[in-house]
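Below, all heavy atoms of this structure are taken into account, side chains as well, without hydrogens, waters or symmetry copies.
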Protein chains: 2
Amino acid sequence: MAPMAAGDEDVRWLDAEEQAMWRHLLTAESRIEEELDRDLQTRNGIGLVEFGILVALSEAPGMRMRMRMLADSVIVSKSRLSHQITRLERSGYVRREPCEEDRRGFWAILTDDGLVVLREAAKGHVARVRERVFDRLTREQVRQLAGIMRTLEPDEAPAGPAGH
Amino acid sequence: MAPMAAGDEDVRWLDAEEQAMWRHLLTAESRIEEELDRDLQTRNGIGLVEFGILVALSEAPGMRMRMRMLADSVIVSKSRLSHQITRLERSGYVRREPCEEDRRGFWAILTDDGLVVLREAAKGHVARVRERVFDRLTREQVRQLAGIMRTLEPDEAPAGPAGH
DNA sequence: TGGAAACAGTTGAAGCTTAAACCATATTTC
DNA sequence: GAAATATGGTTTAAGCTTCAACTGTTTCCA
C-alpha cells in the first residue's frame, strides 16, 4: 500500500453520483443559509449567527453562558464571538458580567430586550425554515437527513490508526 | 383560514425530531465547511470560494466565463465576485479580458498558473472531502442525500398561490 | 429615432471576520 | 510554592464582504 503522504498522487476522484450529490449539497446549503440570513436581517435586524447566539443564551440556565462555551456552542472563534457580543451589547440585547468563580471569565447574559427580539425573530424564522426546508421533504427524508447529519457532525476522524 | 400576514401569530414550531435534525444539519455543515476551507487555505493559499471559482472556470469552454454567469454559478454577489477576481488576478491565477460581443461585459479567464494551483489543490481537497464526508456514509445514504439536496436546491417557492 | 429602463460590471466606504499578540488568572509540575 | 504552562477573553490591524452609488452599454418600446 502506498505511503499516505499529504499531497499523495493516486487520488480517488468522486464518481458521477458523488459529484452530483456534493454539488447539490453545496449549492442548496449556501442558498438556504443566504435566504434565511437575509430574511432575519431585513425583518429583525440580526443575522443568523446573532440569532444563534440569542437562542443559545435563551436556552441556558439563567439565560447566561460563559463566552467560551457560547463560542463552542455556536461554532465561532473566541475572537469573533467577542466582537459579536460587543455589538449585541451595543444593541442592548446582551450584556456582559464578570464571573465570580473564575475571574478570567465573563458571562454573556440575555437582556429583556434581547428576549423580546428573539421571540419576535423566532416566529418568522421558523416559518421560513418550514417553507424552505421541512415543507419540501417527507417525514422519511427528514429522518434520513437527521441520521446522515448526525454521523457527519463530529470533526474527529472516524478512527485513529492503531488505536492504543 | 387565517390571513397569511408576514408576522403571523400561530406558529408551527419544530417538533423534537425536526429540531434535532435542523441542529445537526447546521452544525455539521458549518464544521465541514470550516475544515475544508482551512485545509485549502493552509495547504494551497486559497479559500473554498476561490477554489469554486477556479473549478467553474476550468470546466467552462475556453476556461473562461462572463462575470455574471460565474457569479451565479458560485453563488456570490456581483460585487463580491468582482473583488475576488481582482485578488485572483493579483495572484496571477485569473485574468480579465473585455468581451467583444457585449461591450459591457468581461471574461474571467483561468491562467496557466491558475490551472496548476487548481490541479494541486483539487488533489488534497477531494481527499479531504472523502474522509470527511463520503467515507462516513453508505452508498444508500449518499443517494438519499442527493435526492434531498436536489429538492432543496432551488430558491423558488414550491408553488405560487392560485397559479394563473 | 429617441428616450426610458434594464443589464454588466466596478468602486469606495463601512462593517464584519480573522489572525496574532496580548493581559490576567488558573492549573500543573517539580 | 514558584516557575512554567494552559486557559478565558480582549484587542488591534489587516483582509474580506456588503451596500449603495455609479459608469457605460444594450434593450425595449412608443
Side-chain angles (χ1 to χ4, degrees), chain A residues 30-31 33-43 45-53 56-57 60 64-91 93-109, chain B residues 30-31 33-43 45-53 56-57 60 64-91 93-109:
Chain A
S30 119
R31 277 208 230 284
E33 198 151 314
E34 205 261 336
E35 286 172 42
L36 294 178
D37 191 69
R38 181 170 308 275
D39 181 69
L40 269 176
Q41 196 71 62
T42 63
R43 185 145 45 216
I46 59 176
L48 216 37
V49 177
E50 274 126 303
F51 181 77
I53 291 174
L57 287 178
R64 67 181 54 208
M65 258 193 232
R66 292 286 299 277
M67 295 296 282
R68 187 62 218 270
M69 194 178 169
L70 184 50
D72 287 350
S73 142
V74 297
I75 317 188
V76 300
S77 65
K78 291 185 304 172
S79 172
R80 180 170 176 186
L81 180 67
S82 186
H83 288 296
Q84 205 81 249
I85 292 291
T86 300
R87 290 189 290 268
L88 285 171
E89 211 169 11
R90 216 160 30 231
S91 307
Y93 301 157
V94 170
R95 69 190 158 79
R96 273 185 246 244
E97 199 168 281
C99 174
E100 295 307 329
E101 293 78 56
D102 180 343
R103 272 154 35 171
R104 296 167 298 183
F106 278 87
W107 295 100
I109 307 174
Chain B
S30 118
R31 277 207 230 281
E33 198 151 312
E34 205 260 334
E35 287 172 42
L36 293 179
D37 192 70
R38 179 171 310 276
D39 181 69
L40 269 175
Q41 197 70 62
T42 62
R43 185 144 43 215
I46 59 177
L48 216 38
V49 177
E50 273 127 303
F51 181 77
I53 291 174
L57 288 178
R64 66 181 55 206
M65 259 193 232
R66 291 285 300 277
M67 295 296 281
R68 188 62 219 266
M69 193 178 169
L70 184 51
D72 288 350
S73 141
V74 297
I75 316 186
V76 301
S77 67
K78 291 185 304 173
S79 173
R80 180 171 172 184
L81 180 67
S82 187
H83 287 296
Q84 204 81 250
I85 292 292
T86 300
R87 290 188 291 266
L88 285 171
E89 212 169 11
R90 216 161 28 228
S91 306
Y93 300 158
V94 171
R95 68 190 158 81
R96 272 185 248 245
E97 199 169 283
C99 173
E100 295 306 329
E101 293 79 54
D102 181 343
R103 272 151 37 167
R104 295 168 298 184
F106 277 88
W107 294 100
I109 307 176

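C:dT18 atom C1' lies 14 Å from atom CG of A:Leu81, rounded to whole Å. Atom P of nucleotide C:dT10 and atom CH2 of B:Trp107 are separated by 14 Å, given to the nearest angstrom. The nearest whole Å value for the distance from the CD1 atom in A:Ile85 to the C1' atom in D:dG8 is 14 Å. As rounded to whole Å, 15 Å separates atom P of C:dT17 from atom CD of B:Glu33. The CE atom of A:Met65 sits 16 Å away from the C1' atom of D:dG8 (whole-angstrom rounding). Distance CG (B:Leu48) to P (C:dT18): 13 Å, rounded to an integer number of Å. Atom pair A:Met67:CE and D:dG8:P shows a separation of 12 Å (rounding to whole Å applied). Put simply, CD on B:Glu89 is 10 Å from P on C:dT11, counting in whole angstrom units.
Residues passing the ring-ring contact (aromatic ring centres under 6.0 Å, His included) test with A:Phe51, sequence neighbours excluded: A:His125. With sequence neighbours excluded, the residues satisfying salt bridge (charged side-chain N to carboxylate O under 4.0 Å, His left out) with A:Arg95 are A:Glu97. For the side-chain contact (heavy atoms from CB on, under 4.5 Å) test, residues two or more places apart in sequence or in another chain that qualify with B:Ala56 are B:Met65, B:Leu70, B:Ser73, B:Val74. Judged as a side chain to side chain donor-acceptor pair (under 3.5 Å), and not counting sequence neighbours, the contacts of B:Glu34 are B:Arg38. Scored by the side-chain contact (heavy atoms from CB on, under 4.5 Å) test, B:Thr86 finds B:Arg90, B:Arg96 as partners (sequence neighbours excluded). Residues satisfying the side-chain contact (heavy atoms from CB on, under 4.5 Å) test with B:Asp102, not counting sequence neighbours, are B:Arg66, B:Cys99, B:Arg104. Among residues two or more places apart in sequence or in another chain, the side-chain contact (heavy atoms from CB on, under 4.5 Å) test is passed with A:Glu33 by A:Glu29, A:Leu48, B:Glu29. Take A:Arg31 and apply the salt bridge (charged side-chain N to carboxylate O under 4.0 Å, His left out) test, not counting sequence neighbours, and it matches no residue.
Every pair passing salt bridge (Lys or Arg N to Asp or Glu O under 4.0 Å) that includes a residue from residues 70-87 of chain B is listed here, sequence neighbours excluded: B:Arg68-B:Asp72.
Residue whose closest nucleotide on DNA chain C sits further toward the 5' end, between A:Lys78 and A:Arg90: A:Arg90.
Taken residue by residue, residues 93-106 of chain B places heavy atoms nearer than 4.0 Å to DNA chain C at B:Arg96, B:Arg104, B:Gly105, B:Phe106.
Rounded to the nearest 0.5 Å, atoms CG (A:Leu57) and CD1 (A:Ile85) are 6.0 Å apart.
Side-chain contact between A:Ile53 and A:Leu81 is present, with heavy atoms from C-beta onward closer than 4.5 Å.
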For nucleotides 17-19 of chain D, tabulate all protein N/O to nucleotide N/O atom pairs closer than 3.5 Å, reporting atom names and distance.
residue: D:dT17; atom: OP1; partner: B:Arg80; partner atom: NE; Å: 3.1
residue: D:dT17; atom: OP1; partner: B:Arg80; partner atom: NH2; Å: 2.5
residue: D:dT17; atom: OP2; partner: B:Gln84; partner atom: NE2; Å: 3.1
residue: D:dT17; atom: OP2; partner: B:Arg87; partner atom: NH2; Å: 2.5
residue: D:dT18; atom: O4; partner: B:His83; partner atom: NE2; Å: 3.1
residue: D:dC19; atom: N4; partner: B:Ser79; partner atom: OG; Å: 2.6

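Comparing the end axes of the helix from C:dT1-D:dA30 to C:dC30-D:dG1, each fitted to five base pairs by superposing C1' atoms of four pairs onto the next four, gives an inter-axis angle of 30° (nearest 10 degrees).
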